[in-house]
2 protein chains.
Amino acid sequence: MLYRVVSTQFRTRNRFPPSLELHERRGCEAEAATLAQKIKLSTIAEALGVSTATVSLALRDSPLVADQTRERIKAHARDIGYIYNRRAASLRTSRSGIIGVVVHDIMNPFYAEILRSIEDELDRSGQTFLLSNHYDQVEKQRAFIDTLLQLGADGIIMSPAIGTPLADIELAEKNGLPTVLIARNVPGSDVPAFRGDDAYGTGLSTKHLIELGHRRIAMVGGTDQTSTGRDRYQGYVDAMKAAGLEVKPEWRIAGPRNKLAGFDATEKVLAIEPRPTAAVCWNDLVAIGLMNGLARAGLTVGTDLSVTGYDDLQEAAIATPALTTVWNGQREVGRRAAKTLLERLAGHDVHGGQELIRPELRVRQSTGAPPA
Amino acid sequence: MLYRVVSTQFRTRNRFPPSLELHERRGCEAEAATLAQKIKLSTIAEALGVSTATVSLALRDSPLVADQTRERIKAHARDIGYIYNRRAASLRTSRSGIIGVVVHDIMNPFYAEILRSIEDELDRSGQTFLLSNHYDQVEKQRAFIDTLLQLGADGIIMSPAIGTPLADIELAEKNGLPTVLIARNVPGSDVPAFRGDDAYGTGLSTKHLIELGHRRIAMVGGTDQTSTGRDRYQGYVDAMKAAGLEVKPEWRIAGPRNKLAGFDATEKVLAIEPRPTAAVCWNDLVAIGLMNGLARAGLTVGTDLSVTGYDDLQEAAIATPALTTVWNGQREVGRRAAKTLLERLAGHDVHGGQELIRPELRVRQSTGAPPA
DNA sequence: CTAGGAATTTAAAACGTTTAATCCAGAGCG
DNA sequence: CGCTCTGGATTAAACGTTTTAAATTCCTAG
């Protein structure tokens, strides 16, 4: 009984012994040059006249081995440049220390903050994180899940691709790969999911524009195929209706969610008759693209036409004019997702279902009163 | 002899059997729900009355097993939802199918193209790629190398952190982790390295400005601590000297390499007496930040002050005014690096040392004749 | 028929860990 | 002196593959 407690304690404390402490390792020119043969636990065991079991326990700081023995072993391991073989270990323990993270596109700055905070959280716990894009291709996402299963990953954090079938998530869960969703949800799934409250967010910016006096407000970028897309549009529509304003279908300009898309949408916005006096953009990238396009067309953003973004990326503040946008709580989303997954791994019960992070409006210079 | 040939052939062809073909798998509600116990090779072997050896070979499409047997085995594996255990396999084969990629910052758009092309190349070869940031912290980079060694990764592509000691690269190489460098070089290392020809690149933009008539040209952003930094500065200096122009030390405004840094550099540039008429920026991010800053200050970029970038990011073309910049060949760098690593893994000899990709100038509206 | 391959299949030994179950030597105690 | 207890160390059985070498079956030619 005592044994078990002690055992689990050190197991969770320090899962993987660091194999390499280069600066401290004594340089052994000759042997390092060729690396005659792989150094393993038994190499150390033989050299020191103990068993591999002892070496294994010592390297993981088990209290089961005498202090003096432990130090002797660790010192020797360091000296000869032992490298811990995680594959072998994880084959035995069925814990790999790998956590998969898959999002639409790693390089999309929207995910930057999320990934960053996930990384922080996982680093702290000693897990390695394995990153991938799915580019909204369900097959690519499934291939990644498959890879994780094969590698025996401990869990997965995913921003599901458009059209992800419930079965894919169940596949992961059923095969012992605890899952947490971020940024998007999969209808019908009951795994924990963290996302910003998108409807509330676009509601904020739309209301802000209405208060400034705008009546004809376009909505640029995005798709109705994701929960995020539907919610953002809904928030806009609801705010308009709440103010007793009509929503014209031609004000909705759907499309991709990058700068180029915003830039390309410029013409379409300007073609609407009568011209809208403001545009709620899907995200900051679209907004910045649109602002660039409007500037090219000779219009002054914030005066001739007001623009709002979403996400509050770093560059929203330094765009010209500075972009009014909605802070999305990405950092919080990532942190909570990672923490929740770690909880699940630790065996604690967590409650599933969606949790919404409340966004905030950041008013800057890209919005102003409509032209008289 | 024949055996060996055949053996290696199918080994390289299809390293890992795909374990999951969800859409084709027959739904078995009851068993799927609980997943009584792990399905392994022996599960299949017993069910079909063959040996695990046969199953193993069949799943990897070995020509050693009869066509009919192979199909029977593969079908059954699919039906019961067998998942290939890579850890076990790689313990035996010492090939993990993992390739590590570490760069300064994944989310930096400069690396976007590189990573994308690496991903393309590796995907094609069936390798999984494990991504990480080092944020220019040597320790973080070393921790990543350590993790890769522990996981038994097959190779690593890295953009070395500032101050990477030669020993770290040797550590990887000596322990059987073939290394290829991108974007930066480590002095003294002889592993293959691919980067843009930075000196030539800034030479191009500097020469372009000189030809337009500029005489006082500042250089904004970047550091002298990387090979890239030194080369870019050198290219600028050489071009100036070649034109018989003086280079004032106060024209060099070193700093971080993001938009905010460019934005913040605005004041410093404008404070120089007499004011430069053009600025060669470290990269597009800095250039765009600077352009934003100049616009805020009421100056017209391309007329009052010309600006050049570096990298030719997507947004360079849609910035206002469109940014004159240098295309860096990132895609080529990534492709070549991945290809070279795969060559090394296949056992072919590749020649080490640095290879430079030649950049190209992209003239747009952010550069013009100096003000009279 | 039968020898001799060719075509299939298999037994069993790795691969390098972890850990439950023992073992052992002293220490403490009646 | 015999007994239990305990801190330390060890033994040996996994973990799920791959692959060598051998065994078996199947043909085909002589």
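Computed from a prediction, not measured in an experiment: that's the story for all the values here. Each chain gets a letter, A, B and so on, in the order its sequence line appears, and its residues count up from 1.
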## Note on the structure
Taken to the nearest whole Å, CG/A:Leu48 to P/D:dG8 is 17 Å
### Task
Could I get the full list of side chain to side chain donor-acceptor pair (under 3.5 Å) partners for B:Ser132, not counting sequence neighbours?
none
### Task
Please name all residues satisfying side chain to side chain donor-acceptor pair (under 3.5 Å) with B:Glu121, sequence neighbours left out, ordered by chain then number.
B:Lys339
### Which residues share a side chain to side chain donor-acceptor pair (under 3.5 Å) with B:Arg116, sequence neighbours left out
A:Asp105, A:Tyr135
Pick out the pairs of N or O atoms, protein on one side and nucleotides 13-16 of chain C on the other, that lie under 3.5 Å.
from: C:dA14; atom 1: N3; to: B:Arg92; atom 2: NH1; distance (Å): 3.3
from: C:dG16; atom 1: OP2; to: A:Lys40; atom 2: NZ; distance (Å): 3.0
from: C:dG16; atom 1: N2; to: A:Ala88; atom 2: O; distance (Å): 3.3

### Task
Using distance alone, with no hydrogens and no angle criterion, decide if B:Arg60 and B:Ser56 have a side-chain donor and acceptor under 3.5 Å apart.
yes
### Query
Excluding sequence neighbours, so at least two apart, what forms side chain to side chain contact (heavy atoms under 4.5 Å, CB included) with A:Ser189?
A:Leu166, A:Ile169, A:Leu181, A:Asn185, A:Val186, A:Val191
### Query
Looking at residues at least two apart in the chain, or sitting in another chain, which of them share a side chain to side chain donor-acceptor pair (under 3.5 Å) with B:Ser94?
none
### Query
Which nucleotide, D:dA9, C:dT19, D:dT19, lies nearest any side-chain atom of B:Ala53?
D:dT19
N/O donor-acceptor pairs under 3.5 Å from side chains in residues 40-49 of chain B, not counting sequence neighbours:
from: B:Thr43; atom 1: OG1; to: B:Lys40; atom 2: N; distance (Å): 2.8
from: B:Thr43; atom 1: OG1; to: B:Lys40; atom 2: O; distance (Å): 3.1

### Message
With a cut-off of less than 4.0 Å, is there a side-chain N or O of A:Ser51 near OP1 or OP2 of D:dT11?
### Response
no
Each nucleotide N or O in nucleotides 23-25 of chain C that has a protein N or O under 3.5 Å away: list the pair and distance.
none

### Non-neighbouring partners of A:Asp190 that pass side chain to side chain contact (heavy atoms under 4.5 Å, CB included), sequence neighbours left out
none
### Task
May I ask you to evaluate whether B:Thr69 reaches the phosphate of C:dT8, defined as a side-chain N or O under 4.0 Å from OP1 or OP2?
no
### Message
Can you measure B:Ile73 atom CD1 to C:dT8 atom P for me and round it to whole angstrom units?
### Response
13 Å
